[in-house]
Peer 1: 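Before I ask anything, let me first share the structure, which is written out below as structure tokens.
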Amino acid sequence: MPSMPTLYPSIPRHLKAIDTLIKQEASLWPGTAQTIDIIAVSKQQPVEKILAAIDAGHKIFGENRVQEASLKWPSIKKNHNGITLHLIGPLQTNKVKEALMLFDTIETVDRPELAEQIAKHMPRLSARDQLTCHSFFIQVNVGGEPQKSGILPHQADDFIKFCKALQLPITGLMCIPPQNEAPAPYFALLATLAKRHHLPFLSMGMSHDYKIAVSLGATHVRIGTAIFGERMDSGAREKGLGTRD
Ligand SMILES: *Cc1c(COP(=O)(O)O)cnc(C)c1O
């Protein structure tokens, strides 16, 4: 058998550099998280690049669409132990069951109907030993933007209580602040909400703003292009979700 060439040497390099920057940033500020998980956002990235990250020892990944994730991840998870997959995009109620059997954390619980569907399916899947998802974050639309999903900040207190009453294991909050605005006040708002409800995890910060998020207490940063390079879909760039590598 011919030996495999080492593809994408930039990926382990990027992961290491980002990890170093995160640790440096965290050391500068009081109250930052003890451990900060890098969620490698692999949406619209080829499986070869994901495998390059796994070969480098990375274990935590994020996808934003159930359908795309269900094509890529079942076989990767089967062949590699200890992988954790986060759903970071909007979840339709008709895909809840599938998502609960594929992801380990759903970060985008954002409305009562979705919370109810999750609460309905969890015990059934658990009884059949098919449940993979044991942790949920609530997405907060910190900028109150109509085009973004997430519960509005003024409804967040009630919604968090609603989810807890449904016995959902809510462990954190997630946000995507408005583009073209300084993200710090939005990250700080998310941190305040989490603290008020004793939620340990804060998923905030992407390729262009993760250092600021870390300084404000992020426990999870979601980083795509700074690890993997440009995504295959050019539309992502127009939406402002892409940055140069
Ligand atoms: C795509 C995406 C990211 C990663 O964005 P990059 O700019 O590539 O780091 C993070 N969070 C969410 C919710 C995303 O959809």
Side-chain angles (χ1 to χ4, degrees), residues 8 10-11 13-19 21-22 25 36-46 49-50 52-53 58 60-70 72-73 84-92 95 99 102-111 114 133 135-145 147-151 172-183 186-187 189-190 201-214 216 218-245:
Y8 307 115
S10 63
I11 290 174
R13 207 169 59 231
H14 292 160
L15 280 165
K16 205 164 171 194
I18 292 165
D19 190 55
L21 285 172
I22 286 174
E25 189 68 22
I36 297 161
D37 284 340
I38 299 170
I39 300 172
V41 177
S42 52
K43 66 186 186 196
Q44 294 152 39
Q45 299 287 1
K49 286 193 176 185
I50 297 173
H58 199 76
I60 310 169
F61 293 85
E63 289 280 345
N64 70 334
R65 286 168 187 273
V66 177
Q67 198 178 353
E68 183 185 344
S70 70
K72 284 152 62 172
W73 283 95
T84 301
L85 191 60
H86 286 232
L87 178 63
I88 60 167
L91 178 56
Q92 293 167 259
K95 299 232 169 83
L102 175 62
F103 293 92
D104 301 278
T105 296
I106 291 175
E107 295 200 9
T108 50
V109 181
D110 64 351
R111 57 196 194 280
L114 178 59
C133 192
S135 171
F136 299 84
F137 299 176
I138 288 170
Q139 183 178 359
V140 182
N141 185 353
V142 282
E145 299 172 282
Q147 81 280 14
K148 278 207 182 117
S149 22
I151 193 83
L173 301 179
M174 174 272 211
C175 77
I176 311 168
Q179 273 178 61
N180 312 320
E181 273 189 61
Y186 297 103
F187 292 153
L189 168 63
L190 199 73
F201 299 135
L202 274 176
S203 172
M204 55 191 201
M206 307 177 16
S207 289
H208 63 284
D209 59 7
Y210 68 88
K211 286 209 285 179
I212 303 168
V214 165
L216 290 161
T219 61
H220 296 71
V221 291
R222 308 178 309 268
I223 302 182
T225 46
I227 296 170
F228 295 112
E230 284 295 320
R231 284 180 276 277
M232 293 183 280
D233 165 30
S234 60
R237 232 164 306 151
E238 280 147 35
K239 280 182 256 151
L241 293 176
T243 49
R244 288 259 161 225
D245 159 43

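Atoms within each ligand, like the ligands themselves, are counted from 1 in listed order.
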Peer 1: Under 4.0 Å from a heavy atom of Thr225: which atoms of ligand 1 are those, numbered in the order shown and with their elements?
Peer 2: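 Checking each atom against Thr225, I get 6 (P), 7 (O), 8 (O), 9 (O).
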
Peer 1: At a 4.0 Å threshold, what atoms of ligand 1 neighbour a non-hydrogen atom of Gly224?
Peer 2: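 Heavy-atom distances to Gly224 below 4.0 Å select 4 (C), 6 (P), 8 (O), 9 (O).
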
Peer 1: Is the contact between His208 and ligand 1 made by the side chain, the backbone, both, or neither, using heavy atoms and a 4.0 Å cut-off?
Peer 2: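 Neither; nothing of His208 gets under 4.0 Å from ligand 1.
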
Peer 1: Can you check whether Asn64's main-chain N or O pairs, donor with acceptor, with Lys43's side chain at less than 3.5 Å?
Peer 2: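 Side chain of Lys43 to backbone of Asn64: no pair is present.
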
Peer 1: In terms of atom number and element, which parts of ligand 1 are under 4.0 angstrom from non-hydrogen atoms of Ile176?
Peer 2: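 Those atoms are 13 (C).
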
Peer 1: With heavy atoms of Ile88 as the reference, note each atom of ligand 1 found under 4.0 Å away.
Peer 2: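 Those of ligand 1 that fall under 4.0 Å from Ile88 are 11 (N), 12 (C), 13 (C), 14 (C).
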
Peer 1: Any idea which of Ser207, Ala226, Gly229 brings a heavy atom closest to atom 6 (P) of ligand 1?
Peer 2: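 It is Ser207 whose heavy atom sits nearest to atom 6 (P) of ligand 1.
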
Peer 1: I need the atoms of ligand 1 closer than 4.0 Å to a non-hydrogen atom of Ile223, numbered in the order shown.
Peer 2: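 Listed by number with element, the hits are 9 (O).
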
Peer 1: For Ser203, is there any backbone N or O sitting under 3.5 Å from a side-chain donor or acceptor partner on Arg222?
Peer 2: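 Here the side-chain-to-backbone pair exists.
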
Peer 1: Just wondering, do Val66 and Gln92 contact through their side chains at under 4.5 Å, heavy atoms?
Peer 2: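 SC-SC contact between Gln92 and Val66 ruled out.
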
Peer 1: What's the shortest heavy-atom distance between Leu216 and Leu202, and which atoms?
Peer 2: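 It is O-CD1, 4.4 Å.
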
Peer 1: Looking at side-chain heavy atoms only, is the closest gap between Met204 and Leu173 below 4.5 Å?
Peer 2: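 They are not in contact (no side-chain heavy atoms under 4.5 Å apart), so the answer is no.
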
Peer 1: If hydrogens are left out, which of Gln139, Lys43, Arg65 has an atom nearest to atom 3 (C) of ligand 1, that is, the closest non-hydrogen atom?
Peer 2: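 It is Lys43 that holds the nearest heavy atom.
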
Peer 1: Heavy atom of Glu107 under 4.0 Å from ligand 1?
Peer 2: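 Judged by the 4.0 Å heavy-atom criterion, Glu107 does not count as contacting ligand 1.
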
Peer 1: Which ligand 1 atoms, with their elements, are less than 4.0 angstrom from a heavy-atom of Arg222?
Peer 2: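 Going through ligand 1 atom by atom, the ones under 4.0 Å from Arg222 are 4 (C), 9 (O), 10 (C), 11 (N), 12 (C), 13 (C).
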
Peer 1: Taking atom OG1 of Thr105 and atom NE2 of His86, what is their separation to the nearest 0.5 Å?
Peer 2: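 It is 4.0 Å, given to the nearest 0.5 Å.
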
Peer 1: Side chains of Thr225 and Glu230: is there a donor and an acceptor less than 3.5 Å apart?
Peer 2: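 No, Glu230 and Thr225 have no side-chain donor paired with an acceptor closer than 3.5 Å.
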
